[in-house]
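For reference, the structure discussed in these notes is given below.
Each residue takes its place number in the sequence, starting with 1. Note that the structure is a prediction, hence the values are computed from the model and not measured.
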Amino acid sequence: MTIWVDADACPVVIKEILFRAAERTQTPLVLVANRGMRTPPSAWIRVQVVPAGFDVADNEIVRQVQPGEMVITSDIPLAAEVIEKGAEALSPRGEEFTAQNIRGRLNMRDFMDTMRASGVQTGGPPPLSQQERQGFANALDRYLAKQR
C-alpha cells in the first residue's frame with residue numbers, strides 16, 4: 001500500500017504531515033513531481049521526478065496507483081481518475097473525494113473554468129487554515145488506521 005502525492009502543488013505543511021505519517025506507520029510515500037525536492041532521509045519516502053509537461057505527473061500517478069491506495073491531490077480530474085481505478089483521493093485541505101461526490105466537484109470545476117474563460121475574475125483558493133490542516137491530518141489518520 002502506497003500513498004501517492006501530486007507533489008508540485010502540495011503545500012509544504014501537508015508534505016511535512018505526510019513525512020511524519022509515513023515514518024510513524026512505515027507506509028511507502030511517493031511524491032511525484034516534475035522537479036526534485038528535499039525530503040527527510042527515510043526508507044519510506046521517495047521522490048519520483050517526471051518530465052515537465054501538462055498532466056505528466058498526473059498520468060504517472062494514474063498509471064501506477066493500485067486499488068485501495070491513497071492519492072493526495074487538489075486536482076479534481078486526477079482525483080476522478082484514481083477513484084475510477086479503485087484508489088482513494090484526499091485533498092490537501094482534508095476533503096475526501098469519493099465516487100459519490102466527485103461528479104459534482106467535476107461539474108463545479110468545469111463551471112468555474114467556463115466563468116474564468118469568459119473573463120470573470122474568480123480568485124484563487126484562500127490560504128490553508130489551521131482547521132484544514134487538522135482536517136487533512138485526521139482524514140489521513142483514518143485512512144492509515146483502516147489499512148492496518
Side-chain angles (χ1 to χ4, degrees), residues 1-110 112-113 116 122-148:
M1 195 269 312
T2 299
I3 297 174
W4 298 89
V5 183
D6 184 7
D8 286 322
C10 188
V12 171
V13 67
I14 298 302
K15 290 176 195 167
E16 291 169 356
I17 292 168
L18 288 162
F19 296 155
R20 288 191 300 272
E23 277 297 312
R24 184 181 76 244
T25 62
Q26 298 184 340
T27 301
L29 176 69
V30 180
L31 295 98
V32 182
N34 59 26
R35 58 180 161 50
M37 57 185 59
R38 295 173 76 71
T39 62
S42 170
W44 303 103
I45 301 167
R46 72 179 173 90
V47 175
Q48 181 175 347
V49 178
V50 297
F54 185 71
D55 285 344
V56 175
D58 297 359
N59 293 339
E60 186 62 18
I61 291 169
V62 170
R63 187 181 73 74
Q64 293 193 61
V65 73
Q66 298 297 310
E69 293 183 332
M70 172 63 75
V71 174
I72 310 302
T73 186
S74 55
D75 185 309
I76 296 166
L78 172 58
E81 286 190 75
V82 300
I83 288 168
E84 272 185 35
K85 285 193 71 175
E88 299 188 37
L90 177 65
S91 84
R93 294 182 180 275
E95 179 181 3
E96 296 176 61
F97 298 114
T98 66
Q100 292 74 35
N101 71 16
I102 197 66
R103 293 291 157 223
R105 298 282 298 159
L106 279 167
N107 289 339
M108 180 57 75
R109 176 196 171 275
D110 292 345
M112 295 305 285
D113 276 351
R116 284 188 290 274
T122 59
L128 202 61
S129 71
Q130 184 60 41
Q131 183 176 1
E132 289 169 321
R133 293 175 194 180
Q134 188 62 50
F136 174 82
N138 291 342
L140 180 63
D141 283 345
R142 282 192 302 274
Y143 170 77
L144 291 168
K146 192 171 62 173
Q147 301 307 310
R148 301 289 170 213

Q | Beyond-backbone contact of V65 with E88, side-chain heavy atoms, under 4.5 angstrom | A | no

Q: Look only at the side chain of N34 and the backbone of D8, and say whether a donor-acceptor pair between them is shorter than 3.5 Å.
A: no

Q: For Q64 and W4, test the side chains for any donor-to-acceptor distance below 3.5 angstrom and give the result as yes or no.
A: no

Q: Report yes if the side chains of D141 and R24 come closer than 4.5 Å at any heavy-atom pair, otherwise no.
A: yes

Q) Could E60 and R63 be called an ion pair, given the rule that one side-chain N must be under 4.0 Å from one carboxylate O? A) yes

Q) Does the salt bridge (Lys or Arg N to Asp or Glu O under 4.0 Å) test come out yes or no for E16 and R38, once each step is laid out? A) CA-CA 11 Å; E16 291 169 356; R38 295 173 76 71; over 6 Å; no

(Q) Strictly distance-based, threshold 3.5 Å: is any side-chain N or O of Q134 a donor or acceptor partner for the main-chain N or O of Q131? (A) no

Q: Could you tell me whether E96 and K146 have a side-chain N and a carboxylate O separated by less than 4.0 Å?
A: no

Q. If only atom types and distance count, is the side chain of N101 paired as donor or acceptor with the main-chain N or O of F97 below 3.5 Å?
A. no

Q.
Looking at E69 and K85, is there a salt bridge between them, counting it only when a charged N and a carboxylate O are closer than 4.0 Å?
A. no

(Q) Going by side chain to side chain donor-acceptor pair (under 3.5 Å), name the residues that satisfy it together with R46, two or more places apart in sequence or in a different chain. (A) none

Q.
When you measure from the side chain of D75 to the backbone of L78, do you find a donor-acceptor pair of N or O atoms at a distance under 3.5 Å?
A. yes

